[in-house]
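This report refers to the structure that appears directly beneath it.
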Amino acid sequence: DTEVTQTPKHLVMGMTNKKSLKCEQHMGHRAMYWYKQKAKKPPELMFVYSYEKLSINESVPSRFSPECPNSSLLNLHLHALQPEDSALYLCASSQTGQGGDGYTFGSGTRLTVV
Amino acid sequence: AQSVTQLDSQVPVFEEAPVELRCNYSSSVSVYLFWYVQYPNQGLQLLLKYLSGSTLVESINGFEAEFNKSQTSFHLRKPSVHISDTAEYFCAVSPLGGATNKLIFGTGTLLAVQP
């Protein structure tokens, strides 16, 4: 298995809703990442988990809450989002988390906040 | 800190013509270099990477990129493009020796191949 699987592919949520994005990989990768990508823009790093521990939080608002239950799973819990949070949310993984590893990206969850 | 510059936001080219997508970077430390491709409504796919050794790296689908340390560049080339190469291309860097792999992306170049 050489894929990163993200669910759901599309999500529409109201500003008072709570929802979760899920990401799964079975490549034995020990680093996992959440990126946010707005239209016509590059991906922006949100969080990095290395060996199931949060190692980087790029000053992301607390309405985004990451969770790494085990080495294969990564969740992003969403609460009280704003319309400007609408974007493509990309999950990625890499082998060790060291520089030089290429990332494997999922196909993303397209989130619309109404 | 690192930054990546892709000066061309869009590159139109006719099918079977050669193409070069430019990438320059700035960093106070040595970096690894990557090119990723993003097809419409999809995630990013690793196209090729430079870690060390030969400065010319190739992908399986005919793209190549050359690392030029003196010019801090990592331009992507293909001698003959196909319609199916139409996509957004992102150059990215990751610092050597960092405790955690942090990929910094350029703003992307849309390669638009016309028949």
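Below, chain A is the first sequence line, B the second, and so on; all start at residue 1.
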**Report entry** Minimal non-hydrogen separation, Gln37(A) against Phe90(B), with atom names
**Finding:** NE2-CZ, 3.6 Å
Query raised in the report: Can you say whether Glu58(A) sits under 4.5 Å from chain B via the side chain, the backbone, both, or neither, judging by heavy atoms?
Result: side chain
Requested in this report: Establish whether Leu47(B) and Leu56(B) are linked, either directly or via other cluster members, by ILVMFWY side-chain heavy-atom contacts under 4.5 Å.
Outcome: no
Query raised in the report: If you group Ile, Leu, Val, Met, Phe, Trp and Tyr by side-chain heavy-atom gaps below 4.5 Å, do Val48(A) and Tyr32(B) land in one group?
Result: yes
Query raised in the report: What part of Glu44(A) lies closer than 4.5 angstrom to a heavy atom of chain B: side chain, backbone, both or neither?
Result: neither
Query raised in the report: Can you hop from Leu78(A) to Val114(A) via hydrophobic side chains spaced under 4.5 Å?
Result: no
Query raised in the report: Can you hop from Val37(B) to Trp35(B) via hydrophobic side chains spaced under 4.5 Å?
Result: yes
Report task. Could you tell me which portion of Leu51(B) (side chain, backbone, both or neither) has an atom closer than 4.5 angstrom to a non-hydrogen atom of chain A? Result -> side chain
Query raised in the report: So with a 6.0 Å cut-off around CD1 of Ile60(B), is the heavy-atom count from everything else above 12?
Result: no
Requested in this report: Check whether any side-chain N or O of Tyr36(B) sits under 3.5 Å from a backbone N or O of Tyr103(A) as a donor-acceptor pair, and report yes or no.
Outcome: yes
Report summary line: One option among Pro43(A), Ser94(A), Ala31(A) has the most heavy-atom pairs under 4.5 Å with chain B, and it is Pro43(A)
Report summary line: Checked Ser107(A), Gly108(A), Pro42(A) vs chain B; the most non-hydrogen pairs under 4.5 Å come from Pro42(A)
Requested in this report: For ring pair (Phe, Tyr, Trp, His ring centres under 6.0 Å), just list the numbers for Tyr35(A) and Phe105(B), CA-CA rounded to whole Å, side-chain angles, deciding distance to a tenth of an Å, and then say yes or no.
Outcome: CA-CA 11 Å; Tyr35(A) 276 81; Phe105(B) 288 92; 5.8 Å; yes
Report task. Mind listing the closest non-hydrogen atom pair of Leu88(A) and Gln38(B) along with its distance? Result -> CD2-NE2, 3.9 Å
Report task. Evaluate whether atom NZ of Lys18(A) has more than 12 neighbouring non-hydrogen atoms of other residues, nucleotides or ligands under 6.0 angstrom away. Result -> no
**Report entry** Under 4.5 Å from any heavy atom of chain A - which part of Tyr50(B)
**Finding:** neither
Requested in this report: Supply the atom-to-atom distance His10(A) NE2 to Asn41(B) CG, rounded to the nearest 0.5 angstrom.
Outcome: 7.0 Å
Query raised in the report: Same cluster for Phe105(A) and Leu46(B) if Ile/Leu/Val/Met/Phe/Trp/Tyr side chains link at under 4.5 Å?
Result: yes
Query raised in the report: Should the heavy atoms of other residues, nucleotides or ligands under 6.0 Å from CD of Glu64(B) be counted, would the total exceed 12?
Result: yes
